[in-house]
Amino acid sequence: MSKWFGLADCNNFYASCERIFDLSVREKPVVILSNNDGCVISRSQEAKDLGVPMGTPLHKIKPLIDKHKIHFFSSNYALYGDISARVMNCLNDLCPAVEVYSIDEAFLDLSIIKDEELLPFGINVKKKIAKWTKIPICIGIARTKSLAKLANRYAKKNFKEVGVFVIDSEEILLKTLKETPIEDVWGIGRKHGKFLKSEGINTAYEFTQLPENFIQKRFSIVGLRLYKELKGEPCLNLTEVIEKKKVIQHSRSFGRYVQSINDLEEAVTTFANKCAEKLRSQETCACTVSVYIRTNPFSNKPQYYDGITMNFDVPTSNTFEIQQKVLWGLKQIFVQGYDYKKAGVSVMGIVGKEEIQGNLFAPEPNENSQKISQLMDKINAKFGKETLKFAIQGTNSVWKGNASKISPKYTTLWEDLLRVE
DNA sequence: TCTGGGGTCCTAGGACCC
DNA sequence: TCTGGGGTCCTAGGACCC
């Protein structure tokens with residue numbers, strides 16, 4: 001049986017989430033800002049139509065915002081994560097097999113659907129999702145994942161009302177490939193796009209007409225896979241199981257410049273804790289941890305960047321152990337006299353906790369501190385983030401960013417539950 | 001004044017081993 | 001003077017994604 005892949009993708013996801021509960025911004029231009037209210041990371045259709053570019057810093061589009069009364073929100077990941085889970089649950093109920101690909105996208109295996117049923121099936125899924133979650137989606141359907149992506153983009157662009165597009169004939173395939181600019185193809189980023197255009201390759205179709213050995217040589221096997229997929233040969237499968245993360249990071253730009261090591265210590269211990277929590281939540285331990293600090297690359301002030309990577313004797317997910325290493329590392333890389341703007345912690349060499357090999361020469365793991373870590377996880381899960389935290393994390397952190405325009409956590413915090421009066 | 005955060009995969013090159 | 005060859009493992013860097 002030949003395959004059919006679908007790609008369901010939420011339209012303007014973060015902006016759409018804000019509109020579910022806040023009726024005053026429905027049909028109004030809305031933009032969502034990154035951490036620190038830095039730059040635009042999501043736009044409603046109305047905002048796109050007004051010419052708000054993706055990724056621009058807020059201060060650069062302030063005149064546009066004022067002029068058109070564009071509503072803007074700080075990002076509210078608790079809300080988006082919860083709405084995403086609802087959408088994915090619905091897709092799971094409606095579709096034979098689902099691979100959650102990102103917070104707002106999922107691949108579907110539709111191979112068991114009859115060819116002539118694909119379009120009505122897609123339309124039904126779209127309608128149900130809209131009804132159950134109030135999130136508008138588009139669905140692209142084709143023979144490969146890369147083509148489903150292409151079909152999805154085509155649906156968004158040309159059939160937004162229907163919201164579903166199926167590439168089910170050679171003619172439609174060629175037409176879609178010819179109408180897709182090369183830089184819009186999934187897997188062709190800025191660098192490759194620029195190179196291809198300089199070679200006179202402007203569309204997905206022209207890409208598929210290049211010789212195979214040229215693709216392999218210039219774009220390695222990743223590019224070759226894409227090339228084959230665009231020609232209709234599936235090289236990527238649906239992966240339904242959620243794999244454990246191989247790297248876990250936590251980093252933040254600061255709300256203002258930070259000079260003292262104490263403030264940096266507060267920040268990096270908080271990040272170390274987050275990494276440890278994430279490790280425990282996927283039942284893994286890390287062999288390695290690194291920490292870095294940096295100044296603001298956009299400013300004219302003296303620049304500094306340094307990081308350090310450290311190994312554990314025995315892989316760990318213990319908050320205390322990870323914190324300790326990170327604090328030690330910070331002392332090694334910290335230099336007085338700079339305005340620091342960002343710091344981050346990442347853990348790597350991640351292994352399942354059952355695969356850990358003991359180290360004869362390492363001290364026995366501290367079981368008490370591990371139990372405390374787990375207890376903290378439980379309490380924080382029940383009563384909310386950072387109900388319980390470490391003294392060194394501070395209580396009035398100067399490094400924390402601004403989120404001046406954050407919407408309520410309508411779905412994940414009792415106090416923020418919508419009231420009907 | 002103000003510029004996000006968290007991932008993946010692949011390749012090249014060096015260290016090391018036999 | 002001439003200085004192997006093949007394999008593995010690790011890391012850094014670069015490309016991409018949302």
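Naming: A, B, ... by sequence-line order, numbering from 1 per chain.
Looking at heavy-atom distances under 4.0 Å, A:Ile248 makes contact with sugar-phosphate atoms alone, never a base. Among the atoms of the strands shown, none is found under 4.0 Å from any heavy atom of A:Ile103. A:Val100 comes within 4.0 angstrom of nothing in the nucleic acid, heavy atoms only. No contact: A:Arg218 has no heavy atom under 4.0 Å from any strand. Counting any heavy atom pair closer than 4.0 Å across all strands shown, A:Tyr101 reaches sugar-phosphate atoms only and no base atom. A:Asp37 comes within 4.0 angstrom of no nucleic acid atom, judged by non-hydrogen atoms across all strands.
Not one side-chain nitrogen or oxygen of A:Lys149 sits closer than 4.0 Å to the OP1 or OP2 atom of C:dC17. Close to B:dC2, at under 4.0 Å from its OP1 or OP2, lies no side-chain N or O of A:Asn36. Residue A:Thr56 has no polar side-chain atom (N or O) positioned under 4.0 Å from OP1 or OP2 of B:dT3. Between A:Arg256 and B:dT1 there is no side-chain N or O to OP1 or OP2 distance below 4.0 Å.
When base pairs are accepted only as Watson-Crick or G-U wobble with both N-N or N-O distances under 3.5 Å, DNA chain B takes part in stems of 3 or more pairs at B:5-18 with C:5-18.
In this structure, the ring of A:Trp399 has its center no less than 6.0 angstrom from the ring center of A:Tyr257. A centroid separation of 6.0 Å or more is found between the aromatic rings of A:Trp4 and A:Phe107.
Heavy-atom neighbours of A:Lys197 NZ from other residues, nucleotides or ligands within 6.0 Å: at or below the threshold of 12. Heavy-atom neighbours of A:Glu27 CD from other residues, nucleotides or ligands within 6.0 Å: at or below the threshold of 12. Counting heavy atoms of neighbouring residues, nucleotides and ligands inside a 6.0 Å radius, atom NZ of A:Lys191 does not exceed 12 of them.
Side-chain contact check for A:Glu233 and A:Tyr227: no donor-acceptor pair (N or O, by modelled atom type) lies under 3.5 Å.
Using P as the reference atom, B:dT3 and C:dC18 are 25 Å apart when rounded to the nearest Å.
Taking atom CG on A:Leu33 and atom C1' on B:dG5, their separation rounds to 14 Å, with Å as the unit. We find that CG of A:Asn35 is positioned 5 Å from P of B:dG5, with the value rounded to whole Å. Straight-line distance from the NZ atom of A:Lys342 to the C1' atom of B:dC2: 16 Å, rounded to whole Å. In this structure, NZ of A:Lys405 is placed 16 Å from C1' of B:dC2, rounded to the nearest angstrom. Rounded to whole Å, atom P of B:dT3 lies 13 Å from atom CZ of A:Phe254. In this structure, A:Ile350 atom CD1 and B:dG7 atom C1' are separated by 11 Å, rounded to whole Å. Rounding to whole angstrom units, NZ of residue A:Lys301 and P of B:dT3 are separated by 11 Å. The distance from atom CZ of A:Arg153 to atom C1' of C:dC18 is 17 Å, rounded to the nearest whole Å.
Taking every heavy atom of residues 57-82 of chain A and every atom of DNA chain C, no pair lies under 4.0 Å.
Remark: the backbone N or O of A:Ser299 is paired with a side-chain donor or acceptor of A:Gln303 at under 3.5 angstrom. Under a 3.5 Å cut-off, the side chain of A:Gln332 and the backbone N or O of A:Trp328 do form a donor-acceptor pair.
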Worksheet item: Step by step, would you call A:Tyr14 with A:Tyr77 a ring pair (Phe, Tyr, Trp, His ring centres under 6.0 Å)?
Response: CA-CA 9 Å; A:Tyr14 298 168; A:Tyr77 287 103; 5.7 Å; yes
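Checking B:dT3, B:dG7, B:dG6 against the side-chain heavy atoms of A:Lys341 singles out B:dT3 as nearest. Set against B:dG7, C:dC18, B:dG4, the side chain of A:Lys278 has B:dG7 as its closest nucleotide. Considering only side-chain atoms of A:Ser251, the nucleotide from B:dT3, C:dC18, B:dG5 that sits closest is B:dG5.
Tested against A:Ser34 for a side-chain contact (heavy atoms from CB on, under 4.5 Å), the candidates A:Ser74, A:Cys39, A:Ser253 yield a single pass: A:Cys39.
In this structure, A:Lys245 and A:Tyr14 both approach DNA chain B, and ranking their closest nucleotides by distance from the 5' end singles out A:Tyr14.
Annotation for A:Asn237 and A:Lys145: closest pair O-NZ, 2.7 Å, computed over non-hydrogen atoms. Nearest heavy-atom pair, A:Lys156 versus A:Cys138, reported as atom, atom and distance to 0.1 Å: CG-SG, 3.7 Å.
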Give me the distances for all protein-to-nucleotides 8-15 of chain C N/O pairs that come in under 3.5 Å?
from, atom 1, to, atom 2, distance (Å)
C:dA15, OP2, A:Lys191, NZ, 3.0

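Taking the ring axis of A:Phe195 as reference, the NZ or CZ atom of A:Arg218 stays within 45° of it and closer than 6.0 Å to the ring centre.
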